[in-house]
Each structure stands twice: as C-alpha cells, then as structure tokens.
Novice: 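First the structure, which I've put down as structure tokens, then a few questions once you've had a look.
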Amino acid sequence: MADGAGVTTFGVRELLDELRAIIDAAAPTPIWVQGEIRGLTRSRPGHVYFDLVEPGSDARRPEVVLPVALFASDRRQVDKCLADADAGELSEGAHVRIQGKIGLYTARSQVQLVMRSIDPVFTLGQIELARRALLDSLATEGLLTRNSSLEVPTMVRRVALVTSASSAACADALHELESWAIGWDVVLVDTQVQGMGAESMIAAAIARAVSEGVELILLVRGGGSRSDLAPFDSERVARAIALCAVPVWTGIGHEIDRSVADEVAARSHKTPTACAAAVADMVRAQLDLAHDLWSGIERRCTEVVSRGSAALQRCAHRLESSTGHHLRSEQSRLSRIASELPRSASHRVARAEMLHSMLDSRIRGSDPLTLVQKGWSITTLPDGAVLRSVQDAPVGTVLRTRVGDGVVVSTVEEAGT
Amino acid sequence: MTKTDKPPKNYRDAIDELETILEELESDELDIDLLSAKVKRAALLLEHCRTRLDDARVEVERVVAELRDADT
C-alpha cells in the first residue's frame, strides 16, 4: 500500500510475505548445506530443531547460526537414511551435510532451513576425518601407547566396570565376571555412554574409578551406530584413557570398526562380554600357572623326599652293618681279653713260682752247711770267727774245724804262707 | 672306694686299662702282691665292658627296627 507521497508502508504479514517471496525467488529449489549440529531438541510431535553452525565454533556463542527444522514427516525418511548407512542419528556436535529448503518462519521472522534429507556418507566421512586427525595428534604426543605401557597386574583383585549401569552391556560384563567365581572386587562406575555430555561423563567416570583404587578399568558399552559411539571417538575420552594411571581395557560393542578409545586403551575387545572374559582368562591363566607351579613343586618335593628316603635307607643299612661289625669286633676283643686274662695271670704266678724256686736253689746252693756236706770245711777261731788268714792263727791257737759229719779240734803248731 | 673298685669312665678307658693289665701280666714287672688285685680289677672291667656292649647292641637293634618301621 502506497501513501500520497508514494512511500509504501507494509503490513507485518504483507512484509513477511514479501520477504518470503524474495527468499523463495533467490533459492527456489532445495539446497545442500554443511555444518555442525548445536542445540538439538525434539518436540513431542516428533519434529526436530537444531542450529547449524560453522564447525569448531564457540559452543556457547557461535558467530553464525542457521536454524534448521526437521518435521516429523521428513524425519522418518532422514532417520531411515542414516540407519541404512549405519550413520546413527542426528546428534549434538555431529558434522552433517543436509538438504532443505530455505524459507522464512514468519512467526519469528526467522530465516530457517526446512530439512528434507541428509548425506549419510558425508557424515560418516567427517567422523572418520575427525577420528584420523585425533589419532594423528595422539600419536604425535605419544599417547597411543601410553596406557598400554602400564603393567597389568596378573592377579587382578579390584576391577572397575565403567559403563551405563542400566545397560545390557553392564549386565553382560558383570555376568561374565561373576560366572568365573573369582573372588575379585568389581567397582561399578555408572556413566552415560552416549548423547550430550557423554564424553565428559565417561572421562570423569574413569577418574572416579582410579580414585577407587582399582587395578584395571573395563570401559564397556553395547553395540550402536557410529554416532552412538561418537563419545568413544572423542578427544576427551581418548585423553582420559591415554593419561589414566590404571590400565584401561575397552569392550565397545562394534564388530567391525575400532574407536579411538580402542586405539589408546591398553587392550580392546569387540564386546563387553569379551572384555570381561579376557580379564577372567588372564586371572584364570595365572591361577592355572600357579597350580602348575605348585604341582611342579609338589612333584619335586616328592622326588627329593624319595631320594632322601633312599639315602636314609642306605645310611640305616650301613649303620646297622657297621654297628654290627663294630659290636662283633668289640665282642671278640672282650672274649680274647677274657680268655687271656686267667691264662696270663696263671702264667704270671707260674713265672713267680719258677723264680722263687730258682732263688731257693741258689740260696740253698750258697748255704755253708751245704758246702760242708759236699767236702768243704769251715775253721773258726776260739771266738767263733771264721779263720780267713794265717795271721789270725798264731802257734798254739786252738781251732775248730767243721766238716760234714762233725767238728775237729786242733792246735796250730806252725803257720806260714 | 679303692682304685680296684673305681668304675671306668667309659668303655674305651675300660678296654685300655684291660689291655694294660694284660701287658703287665705278660711281663715280669707286675708285683705278685698286686696280682690278685689286678685280676679282680680286670674281672670288674670285663663285666663293665660286657654290660656296655650288650646295652649298645640292644639299643642299636631297637633304633634299626624303628628305622625299618619308618621306611615301611
């Protein structure tokens, strides 16, 4: 409507209809646009609303924002498209390429893109690119092998299970751990494992597990789409694992792809059950090893005891033999002494008797009377002394001469030498 | 207690003393006055040694039997 001066004044609806017409004319057909999803919300009727921003924008104050609306009627097609490509679903932070019609949301005078479809290949590619960039960065910092360089105690007694406590993955892992009946202490650390904020929560849960004094952390979740598993490709979780002071084993349920978390973890497994089973296998192997070692020790001890027993038997035999020999030897020695003793004593007496006899003979042989009997005589002076010299018998001396059968008395008439 | 009655310190001493007495008996140096005393001493020593030897035999047989029982 134009006034008298030719100046047009629009009514609100009229102006917005005009703007819409301009926009429609400028972008008459659906266009493709790429960006990062922020502020994703879902309405009760099934509509989805989010902002598309430049990738890497400040999360709280992006410089440029394109509001996007995906109505329920188109959403089913978009969800199917993503599901068929195993690209998950629309999620916060996802880098997407979407197609839609630019229009004007007149209720708010807001330009918005009414989304019709999505390029799932682009989304997957972006995830992969981000994943590779992160892996390169971690490799440069030496973080890919840091956690795997930690020593895993072979006899783990305290294990942390970091996962969503209400998930089937948690139940599976717990069941596997408990089924082995190994007396370990399982610390369940509950965390959200997908969606908004999951990255921070998982990282915090790992730190909490460390503070619980566990020896090993099992980070598990069940299978899901690529976007469901996006937190496990995040830098936040990757660094939390890489810098963790405790070995982290992952059991993230995706049969084909490996997440960044898998790459930085000390060990990765394809399922939560496999992850728990691996711990049990390790401990079981140690128990078997201990059993084998003990069997070896027992066998060796038996051998040593047997050899010792045989040696003792030989010793006992030698003891019996040598002792018997010694006793017999002493017995014969005693017998010899016992038999020699009386003989020696008798001999000693006999020798003494013989000596006595010899002495007696000699004594008797020396008796003057015996000599007189043999023809010798003994002449004595009047005083009884034996005449030994002519000097002792001057003329006139009366001598008494003893002969074998009597005494002859004589007087000295002459003496000379 | 005279030297004749004095018990030997041990088997070895008893045997040595017996051998000495035998040597003395076999030589002419032993005084006849000491002969009977030496023979009595020798008899005591012999009895002592026999007793000790019998005791040792019994003890050895007992120990060896225990060893055999332990092996079986």
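Naming: A, B, ... by sequence-line order, numbering from 1 per chain.
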Novice: Check whether B:S27 gets within reach of chain A through its side chain, its backbone, both or neither, counting any heavy atom under 4.5 Å.
Specialist: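 Only the backbone of B:S27 comes within 4.5 Å of chain A.
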Novice: Counting only non-hydrogen atoms closer than 4.5 Å, does B:L45 touch chain A with its backbone (N, CA, C, O), its side chain (CB onward), both, or neither?
Specialist: neither
Novice: Could you list which of residues 331-353 of chain A have a heavy atom closer than 4.5 Å to any heavy atom of chain B, in residue-number order?
Specialist: A:Q331, A:R333, A:L334, A:R336, A:I337, A:A338, A:E340, A:L341, A:S344, A:A345, A:R348, A:V349, A:R351, A:A352
Novice: Sequence neighbours left out, what passes side chain to side chain donor-acceptor pair (under 3.5 Å) with A:D281? Give chain and number order.
Specialist: none
Novice: Give the interface residues of residues 283-294 of chain A toward chain B, defined by a heavy-atom separation under 4.5 Å.
Specialist: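 Residues qualifying by a heavy atom under 4.5 Å from chain B are absent, so none.
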Novice: Taking side chain as everything from C-beta outward and backbone as N, CA, C, O, which of these in B:L35 sits under 4.5 Å from a heavy atom of chain A? Side chain, backbone, both or neither.
Specialist: side chain
Novice: Does anything in residues 385-410 of chain A pair up under side chain to side chain donor-acceptor pair (under 3.5 Å), and if so which pairs, sequence neighbours excluded?
Specialist: A:T379-A:T401
Novice: For atom CD of A:E151, decide whether the heavy atoms of other residues, nucleotides or ligands shown that lie under 6.0 angstrom number more than 12.
Specialist: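 No, CD of A:E151 has 12 or fewer neighbouring heavy atoms, counting only those of other groups under 6.0 Å.
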